[in-house]
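Read through the structure below, which is laid out as structure tokens, and then see the notes.
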Protein chains: 2
Amino acid sequence: MSIAAVERDCGVPKDTLRVWERRYGFPNPLRDRHDERLYPADQVATLRLLRRLVDAGHRPGKVVGRSDEDLSVLLRQVGVPAPQVVGSEAKQVLKILGAYDAAGLREVLNALLMRAGLGGFVAEIGPGLAEAVGAAWSRGKLEIHQEHLFTEQFTTVLRSAINAAQGAGLPRRRPRVLFSTFPQEPHSLGLLMAQAMFTLEGCLGISLGVQTPIPEIAAAARAHEADILALSFSSMIPAPQAVAGLTELRGLIPDTVEIWAGGACPGLRPKPGVSVLRALSAIGPAVTAWRAREDKGSTPE
Amino acid sequence: MSIAAVERDCGVPKDTLRVWERRYGFPNPLRDRHDERLYPADQVATLRLLRRLVDAGHRPGKVVGRSDEDLSVLLRQVGVPAPQVVGSEAKQVLKILGAYDAAGLREVLNALLMRAGLGGFVAEIGPGLAEAVGAAWSRGKLEIHQEHLFTEQFTTVLRSAINAAQGAGLPRRRPRVLFSTFPQEPHSLGLLMAQAMFTLEGCLGISLGVQTPIPEIAAAARAHEADILALSFSSMIPAPQAVAGLTELRGLIPDTVEIWAGGACPGLRPKPGVSVLRALSAIGPAVTAWRAREDKGSTPE
DNA sequence: TCCGCGAATTTGTCCTGGACAAATATGCCG
DNA sequence: CGGCATATTTGTCCAGGACAAATTCGCGGA
């Protein structure tokens, strides 16, 4: 596996891979005949563990180079804060994924959705499932294609539910919300779940899909006369980049447009003009508050 | 703007930016006090033009360093090859996109779908629309966020139609088809349209979504006991990479599994064990032929 | 004991300039 | 005019050095 492939796969930049090798002696890739690094599969797996640990706040110097066993132990400790969340639903989903049962997976997701309702599903079950699958993958318990399958089925189920909710009676009204993610963020699940919550609140939602360049997000906000920009950040995106992007975006749009950021990205902090919604369940109250502010405020145009 | 920001924004890798500067004298960034490149906004804009021209097949050595006027002229020429295909539907869609009318866009797409049926829509209208939007974007007539909006609405409409078709009566039966794209291919529209066609034929479809690593596609084929791998290639993916990937994939799966490739990628050619379906309308007959072969063949298991 | 603040360490990203393979164009011959 | 060998172009990789931003440490004062 070439250095570029590892960068894509583990999310560790090429420069960082080289400097880790220089400083800590790991990874320790083979070389092809032109002296280019070739990473064996097991080292790539270890790198994925390392990425999780570093994201969780461990310092590279302390963890790079240690054995897989050590890392697993640390990872379990990291996981401790939220292990009880791996409820029976997640276990069931992982079991079905293990059996490669695509149709069964969709049935289960649909059943969960029916039982909890769209709001309950998105607020309480969805994030837990996504996290459990992500964790299982990074621990090597799931293959990439199983994670893809989960994402695809989850997307299908959620999209059709959103569709149904949108069609259902409720008149759509403001705030007008624009959804997207930054260019470095390809994950759509968080965005979709947020969209579901806003839809349930009767908002006017417009999605640009994932990975919109920042100036384009600003242009779209103007074009669509958005009240709120809803942005989703997974733990894949480096926190400094997220923060820098938010600052840049804030400078490109009028003060009347709010920015609401959410997702599992650890370093996400509220700033002037940027709200951070830690959980999807916070969206409902936040929309209510927005509408109250709006009603109280100056003449609506 | 730092080199990393330019890489994100224009999609030109850092190494390439540096080597263009070394070889062609452009871009010609300022330096901050620590000798780091700072790209002025106008050079970044030119780089975006260059990126499009290079994607369209121009050689960097011929275009990097030329004036913005020259580049604009070339860009317009790039768009010329396919203007006559723009039917009335496409014109309507472009007009609505120009007005930033998200809801209207969805209504129009839905109306077109209803009028032509899913099969007719996908075979005759969809690709034309996608191509017209792509062409308008590359000629600078549409902004990126408008193209994103189109993709998102198109996806929504198609997915819900596929969903409905899947739910409708018809018992699902073989072939069992696995859908995905190669890692360099992020476009999902072609894949979705193909999925619609296979669904209409009553096939058992399983989608992995876009950008699955090639060994993972192979692993998934085994795990799901697929009969056919359906792969979609847009004109974004370099032809040599597509061909190399197909060869690699062919070697990883048993001969009994067929590979069907489709899409706008120019250099796509059939090879032993790899069929190329030029148009989506070819899917129906191909499935019929597959079933005939299957029935005539050895004992079904 | 705890808290702030300056010093020391760690860490990621950028630099230069060289190398080469894959992709593409060019020229030659049948 | 089409197919193949050769030449050129082009992207990505390498090494090893540098430094700023982030983080931790150590110390003196409340």
Side-chain angles (χ1 to χ4, degrees), chain A residues 1-8 10-39 47 50-51 53-65 184 237-244 247 266-267 269, chain B residues 1-8 10-39 47 50-51 53-66 183-184 236-245 247-248 265-267 269:
Chain A
M1 212 168 180
S2 76
I3 193 170
V6 174
E7 167 169 2
R8 275 198 305 275
C10 306
V12 181
K14 297 195 245 283
D15 275 324
T16 304
L17 285 169
R18 286 194 273 256
V19 92
W20 279 6
E21 182 180 341
R22 201 194 311 166
R23 287 183 184 148
Y24 316 120
F26 183 91
N28 187 11
L30 309 172
R31 298 300 179 119
D32 67 7
R33 88 201 111 97
H34 179 45
D35 237 30
E36 300 193 344
R37 293 171 173 80
L38 281 182
Y39 294 83
L47 281 169
L50 286 171
R51 174 87 202 305
L53 285 173
V54 170
D55 280 349
H58 282 85
R59 308 223 54 184
K62 307 285 177 188
V63 291
V64 176
Q184 310 84 4
I237 191 171
Q241 277 190 30
V243 172
T247 307
R269 257 180 282 266
Chain B
M1 213 167 177
S2 77
I3 193 170
V6 175
E7 166 169 3
R8 278 201 304 275
C10 306
V12 182
K14 297 194 246 284
D15 275 326
T16 304
L17 286 169
R18 286 194 274 255
V19 91
W20 280 6
E21 182 180 341
R22 201 194 311 169
R23 286 182 185 148
Y24 316 119
F26 183 92
N28 187 12
L30 310 171
R31 297 299 179 117
D32 67 6
R33 87 201 113 97
H34 179 44
D35 239 29
E36 300 192 345
R37 293 170 173 80
L38 281 182
Y39 294 83
L47 281 169
L50 286 171
R51 171 91 197 312
L53 284 173
V54 169
D55 279 350
H58 282 85
R59 309 225 52 186
K62 307 285 179 189
V63 291
V64 175
R66 292 172 67 170
Q184 308 86 359
M236 291 269 96
I237 191 172
Q241 277 190 31
V243 173
T247 308
E248 182 188 346
C265 184
R269 256 181 281 265

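Each chain gets a letter, A, B and so on, in the order the sequences are listed, and its residues count up from 1.
- The CG-P distance, from B/Asp32 to D/dC19, rounds to 12 Å in whole Å.
- Within residues 12-21 of chain B, the residues that have a heavy atom under 4.0 Å from DNA chain D are, in order of number, B/Pro13, B/Asp15, B/Thr16, B/Val19, B/Trp20.
- Rounded to an integer number of Å, the gap from B/His58 NE2 to C/dA25 P is 11 Å.
- In this structure, CD of B/Glu36 is placed 16 Å from P of C/dG12, rounded to the nearest angstrom.
- Residues A/Lys62 and B/Arg33 both approach DNA chain D. Their nearest nucleotides, taken by heavy-atom distance, put B/Arg33 toward the 5′ side.
- Annotation: side chain of B/Glu36 is not in contact with side chain of B/Ser2 (no heavy-atom distance under 4.5 Å).
- Across all non-hydrogen atoms, the minimal contact from B/Gly61 to B/Tyr24 is CA-CE2, 3.8 Å.
- Distances from the side chain of A/Ile3 to the nucleotides C/dC14, C/dA25, D/dC13 place D/dC13 closest.
- Separating the OG1 atom in A/Thr16 from the CZ atom in A/Arg51 is a distance of 10.0 Å, to the nearest 0.5 Å.
- At whole-Å resolution of the value, CZ in B/Arg51 and C1' in D/dT10 are 15 Å apart.
- Side-chain proximity of B/His34 to D/dC13, C/dC20, D/dA20: nearest is D/dA20.
- Rounded to a whole Å, the CG atom of A/Asp35 is 13 Å from the P atom of C/dA19.
- Put simply, B/Arg22 has no side-chain N or O that comes within less than 4.0 Å of OP1 or OP2 on C/dG17.
- Both A/Arg37 and B/Tyr24 sit near DNA chain D, but only B/Tyr24 has its closest nucleotide nearer the 5' end.
- Among the nucleotides C/dC20, D/dA18, C/dC15, the one closest to any side-chain atom of B/Arg23 is C/dC20.
- To the nearest angstrom, P of C/dA21 lies 14 Å from CG of A/Leu38.
- The shortest distance between side-chain heavy atoms of A/Leu47 and A/Leu50 falls below 4.5 Å.
- Taking 4.5 Å as the limit, some side-chain heavy atom of A/Arg18 sits within range of a side-chain heavy atom of A/Lys14.
- At least one side-chain heavy atom of A/Arg22 sits less than 4.5 Å from a side-chain heavy atom of A/Val19.
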